[in-house]
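Since we're looking at a predicted model, the values are computed, not measured.
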Amino acid sequence: TGAAIEQARAMLDSAVDGFVFASPSTAIGGSFHYENGGAADLPALLRELRRAFHLDSDRVYVFGVEAGADAAWMAAVSHADLFAGVIAVSGYPRVLYADQVYPFLLENLAHLPVLSVWRSVDGDSLAKRLRLCNSYNRAIAALAQRHAWPVTSVAIDAAPSEVLLPPRGA
């Protein structure tokens, strides 16, 4: 959506000059949450973008914030070969039985650079999503370190949107 693109532009500032942004308005099928045919949607979308914009396949990144970051994680583990890297802000790969699934699912990221930015503040007063994001990102960081996967986790004390987004009207 336009809001997602503007949020990405605000976070990345001049680093996005010359970039092509694509933000589907509806969910794209994936291996874990959709019918089998849906898994082909993302490669098809990227194929069309490459045709329309002559994109360099080695410079295609997936980026997301919150629910979009969840989707970015899932796109990365499902289609790691399609991207040069992943930037996920306040998200995590949402799968059933993560404790059992993460060790082999995240192995798909063995050659895909990932930057994960998440809130590190603990406490019962945090919303459930923030607590989950915190604990899953800690687990992912530990797995990545143990297996030498190129996952960079950046834990910050404030909400990433408070740190990465400029104030409204700025």
Side-chain angles (χ1 to χ4, degrees), residues 4 7-8 11-12 15 21-24 27-47 49-50 55-123 126-161 163-164:
Q7 191 173 30
M11 289 177 138
L12 300 172
F21 281 88
S23 180
I28 294 176
S31 301
F32 301 102
H33 301 295
Y34 295 90
E35 297 176 13
N36 289 340
D41 292 350
L42 182 58
L45 172 65
L46 288 172
R47 208 171 23 257
L49 288 170
R50 286 185 183 111
L55 300 179
D56 180 349
S57 297
D58 293 332
R59 297 179 66 190
V60 174
Y61 290 80
V62 62
F63 171 88
V65 178
E66 295 176 350
D70 298 349
W73 274 109
M74 295 309 296
V77 297
S78 300
H79 302 285
D81 59 317
L82 297 179
F83 303 106
V86 180
I87 303 168
V89 179
S90 293
Y92 59 98
R94 296 180 71 172
V95 295
L96 296 173
Y97 311 110
D99 291 346
Q100 292 80 19
V101 174
Y102 274 2
F104 72 86
L105 183 65
L106 295 174
E107 197 169 308
N108 292 340
L109 304 177
H111 303 289
L112 182 68
V114 176
L115 172 60
S116 179
V117 180
W118 48 280
R119 188 171 183 178
S120 65
V121 179
D122 287 319
L126 289 178
K128 180 180 179 182
R129 176 169 170 75
L130 286 176
R131 287 195 314 271
L132 289 171
C133 187
N134 184 332
S135 63
Y136 285 125
N137 273 284
R138 287 177 195 253
I140 291 167
L143 273 171
Q145 185 176 17
R146 188 170 340 135
H147 295 283
W149 296 330
V151 175
T152 301
S153 290
V154 179
I156 57 179
D157 291 337
S161 60
V163 174
L164 299 173

inquiry  = If I take atom CG from residue Leu112 and atom CG from residue Leu106, how far apart are they, to the nearest 0.5 angstrom?
reply    = 11.0 Å
query = Between CG of Leu82 and CZ of Arg47, what distance do you get to the nearest 0.5 Å?
reply = 9.0 Å
Cys133 side, atom SG; Ile140 side, atom CD1 - distance, nearest 0.5 Å = 8.5 Å
task = With sequence neighbours excluded, tell me which residues meet side-chain contact (heavy atoms from CB on, under 4.5 Å) with Ala69.
result = Ala88
Donor-acceptor contact present, side-chain Asn137 to main-chain Val117, <3.5 Å = no
ask   = Which residues satisfy the side-chain contact (heavy atoms from CB on, under 4.5 Å) test with Ala155, sequence neighbours excluded?
value = Trp118, Ser120
remark   = Here the side chain to side chain donor-acceptor pair (under 3.5 Å) pairs for residues 102-111, sequence neighbours left out, are none
message = Contact between Tyr61 and Leu115 at the side-chain level, heavy atoms closer than 4.5 Å - yes or no?
response = no
ask   = Do the side chains of Trp73 and Val114 get nearer than 4.5 Å, heavy atoms only?
value = yes
ask   = In Å and rounded to the nearest 0.5 Å, what is the CG to OH distance from Asp99 to Tyr136?
value = 6.5 Å
ask   = By side-chain contact (heavy atoms from CB on, under 4.5 Å), which residues pair with Ser135, not counting sequence neighbours?
value = none
task = Write out all pairs satisfying salt bridge (Lys or Arg N to Asp or Glu O under 4.0 Å) with one or both partners inside residues 68-92, taking only residues at least two apart or from two chains.
result = Asp70-Arg94, Asp70-Arg129
Contacts of type side-chain contact (heavy atoms from CB on, under 4.5 Å), residue Arg50, not counting sequence neighbours = Leu46, Leu55, Ser57, Val60
query = Can you check whether Val101 reaches Pro93 side chain to side chain, under 4.5 Å on heavy atoms?
reply = no
